[in-house]
Amino acid sequence: MESAFLLSIATFVYGLAVVCYMAGFSFKFKPAEKAGTIVTAAAVMLNLAGIITRWIESHQMGIGHAPLSNLYESLVFFAFSIGAIYLFMEIKFKTRTFGAIAVLLAFIALAYASLSPDIDQQIKPLIPALQSNWLTAHVITCFLGYAAFAIAFGISLLYIGLKRGGDTEKNSLAATLLPPAEVLDDLIYQSVIFGFFFLSIGIITGAVWANTAWGRYWGWDPKETWSLVTWFIYAILLHARLVRGWQGKTIAWISIIGFAAVIFTYFGVNLLPGLHSYQ
Amino acid sequence: MTESKSTSTPAGALWKKLTSIKLTVWILLTIAAAAVIGTLIPQNKPTVYYQNYFGDRLYAVLSRLDLLDMYHSLWFQALLLLLALNILACSLDRIKTVFKIVFEKTPSFSPNAFSKSGATEPVTIDKPVDQVLPLFRARIKRKFSRTAEQQADNDIFLFAEKGRFSRLGVYIVHSSILVLLAGALIGSLFGFEGYINLPEGETTDHVFLTNSDQPYNLGFSVRCDDFSVSFHDNGQPKEYRSSLSILDGNELVLKKDILVNKPLGFRGVRIFQSSYGTASAKNIDLTFTSRKTGMQYQKTVDIGQAVNLPEDLGKFTANRLLHEYLFQGKHNIGETLIGTLTRGDDREMVALPVKFRGFDKMRQGEVIITVNGLEPVFYTGLQMRNDPGVPLVYAGFLMIIAGIYITFFLSHQRYCVKLTGSGNKTTVTVYGKANKNQTAARNKARMLSHKLTELIINTDTV
């Protein structure tokens, strides 16, 4: 399959981008950071090309459907979303300092999809429950949300790493390499609101779909429940920040806990019985 | 609202508690924790399941705590109610101040309201103030919903604002949750949810309610004309299809096929394809072998029919088709036809597994019966629902999306353009402030300053 080939190249290109960002970041070498952006853009394009090719391949097999139907396809789209949202944020906030960690997460997602022997890469027809136009809207919005939360998680790790570097910030290595704490703090907030917006749409499109397919918009299925738990955690983060004015470390920790809930919603729920387990 | 209630009175203290963000966080955490427990303990399973899984004593405790049908328990619903009260109280508590800002007829602008931190670098233009001002004024009036002008000493201030209504976004989100909960309440009070397994060719005028198994009269009838299941080459199911007819009395009013994602709606009741199974069989192809003569006879019967056998071997009736059958009470022999062999006064029950052809030889009877094949008669598992709360819930969904967008991606921005004239020169400083994201407001002030000075430069070149 050509799509699998394209995607395994994309994996390596993401890896290369991480190396560029790391080099630029560690040695304060601007050209390497700039190369990071270009290489990430190339990886995102390859990733997208892989998705489109897989879509075409499924049509050639006569079972055409958007490649968003199983664990492999969702991981591929997850990696793409992380890469694309990261580039968007890099341009919008004009900083490359969190490039290494954000693109690393995209790399991990795609490497896991491409290399893990447990993940079935075959293109299969959709089971009747998934044969709906809502599938595309639901999966895309959910994963844009997950990806934004992944980036917030990465920046939160950086933030906590920065603070761990000691209170005498000026002496610590991290402090000389990272942007001021306030900038990271603002980046966490910005990526969380982006993720929150898309997770909300993701849950709602899922609810509308459930209502058209099964006649109920909410059924406390484990995936539904866990996505609500995730939503609550980020809602707490936003309230703590906007109403209480909490910043910094606490927000970074809540964002890490929130991402743990995302990961459980994504993978852990497969261990529990329900409609969403990837088979 | 808040001024009238001091915290010294019990009512005031209660109000303060109810409007605190701390309470919100605790409610959200408790609901989240409870919801998680609900995903770890399987919900709404039969008692036997729990007794095997947890043992009798633990089962009794869990059942007592309502942890086995948790989401419908009183305490869980009380938590949701508390959340609703908290949201309502917080909104009422704060909305007065916000309404004052949002619906103010004549907003007062003051240069003192803008701090230096949101100011741009002053730019000096080689034009007198009276030439610059009309251009700036026109531009600002075009771009902003509200503007004002003030003069003080040597300075002229142009004020502009937009996004005032974005302050209401957060109330849209919060009230959407109340709307959602109201929709859910209406659904659970006035709606119903039922199921029925309907064999092909049969008609029903009722379903069984999911939560009580009681029959519920639909007020019309549903007939299953046909059910079919198709598979992909790799054995994956491709499509489940039920052809249904809706009958009002004896009159056919609607004929439609339903699929998993394509239900049908009739008089507010929606009918969903939910499951299927084998109800019975027809055209059962049987071979009867006489032990005495070795002759073989082919017969075809449907469930419920009987055939007379030659050679005085008696009569065979096909009673039922079972999905699985425990032979001698312990060996599962799979899909099995249960029949009765009648010979004079002798009646004998025979179990004929579809998969094992020679099975009946073991019975040592006068005739050996083999099932060669059969056409299954399916039943379709239908879910039927009526939920009058759905429009409200959908309205809540739209409000949440719009509200979150407004709350987080729009802001109430105010700008002040200061023009200081000295002779033929004008110095321009732009101040910006917003109710959130001050950094963005400062960037926008910079943009505005840039756009305004560009205006002058452009008129110069023309």
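Proteins come first, then strands; the chains are lettered A, B, ... in the order of their sequence lines, and each starts at number 1.
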**Student:** Would F194(A) and F408(B) count as a side-chain contact (heavy atoms from CB on, under 4.5 Å) if you check the C-alpha gap in whole Å, the side-chain angles of each, and the deciding distance to 0.1 Å?
**Tutor:** CA-CA 9 Å; F194(A) 193 81; F408(B) 293 113; over 6 Å; no
**Student:** Taking the side chain as every heavy atom from C-beta outward, state whether R385(B) and R216(A) have any pair of such atoms under 4.5 Å apart.
**Tutor:**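 Of all side-chain heavy-atom pairs linking R216(A) with R385(B), at least one is under 4.5 Å.
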**Student:** In terms of heavy-atom pairs under 4.5 Å with chain B, which of L130(A), V229(A), I63(A) leads?
**Tutor:**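 That would be V229(A).
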**Student:** Where does I21(B) contact chain A at under 4.5 Å (heavy atoms): side chain, backbone, both or neither?
**Tutor:**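 The side chain, not the backbone.
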**Student:** Would you mind telling me which of I127(A), N211(A), V243(A) has the largest number of heavy-atom pairs within less than 4.5 Å of chain B?
**Tutor:**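 Option with the top pair count is N211(A).
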**Student:** Quick one: are H232(B) and P125(A) in side-chain contact, heavy atoms under 4.5 Å?
**Tutor:**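 SC-SC contact between H232(B) and P125(A) confirmed.
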**Student:** More than 12 foreign heavy atoms under 6.0 Å from CD of Q236(B): is that the case here?
**Tutor:**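 Yes, enclosed.
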**Student:** Look at W218(A), W220(A), W231(A), F196(A) and state which one has the largest set of heavy-atom pairs under 4.5 Å with chain B.
**Tutor:**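 Of the candidates given, the most pairs with chain B belong to W220(A).
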**Student:** Compute whether any side-chain donor of one residue and acceptor of the other, for N261(B) and W134(A), lie under 3.5 angstrom apart.
**Tutor:**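 Looking only at side-chain atoms, W134(A) and N261(B) do not form any donor-acceptor pair under 3.5 Å.
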**Student:** If you compare all heavy atoms of P128(A) against all heavy atoms of Y240(B), which two are closest, and at what distance to 0.1 Å?
**Tutor:**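 The answer is CG-CE1, 3.5 Å.
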**Student:** Heavy-atom count check: over 12 atoms from other residues, nucleotides or ligands less than 6.0 Å from W26(B) CH2?
**Tutor:**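 No.
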**Student:** Mind checking what makes side-chain hydrogen bond (donor to acceptor under 3.5 Å, both in side chains) contact with R96(A), not counting sequence neighbours?
**Tutor:**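 Only T37(A), E90(A) meet the side-chain hydrogen bond (donor to acceptor under 3.5 Å, both in side chains) criterion with R96(A).
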**Student:** Of the listed residues (A261(A), S132(A), A240(A)), which shares the most heavy-atom pairs with chain B below a 4.5 Å separation?
**Tutor:**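 Winner by heavy-atom pair count: S132(A).
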**Student:** Which heavy atom of Y217(A) sits nearest a heavy atom of D387(B), and at what distance?
**Tutor:**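 For Y217(A) and D387(B), the tightest heavy-atom pair comes out as CE2-OD2, 3.3 Å.
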**Student:** I'd like to know whether I400(B) forms a side-chain contact (heavy atoms from CB on, under 4.5 Å) with I204(A), so could you lay out the CA-CA distance, the side-chain angles of the two residues, the decisive distance to 0.1 Å, and finally the verdict.
**Tutor:** CA-CA 9 Å; I400(B) 281 202; I204(A) 286 170; 3.9 Å; yes
**Student:** Rounded to the nearest 0.5 Å, what's the gap from OH on Y405(B) to CD1 on I201(A)? Could you check?
**Tutor:**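 Interatomic distance, Y405(B) OH to I201(A) CD1, rounded to 0.5 Å: 10.5 Å.
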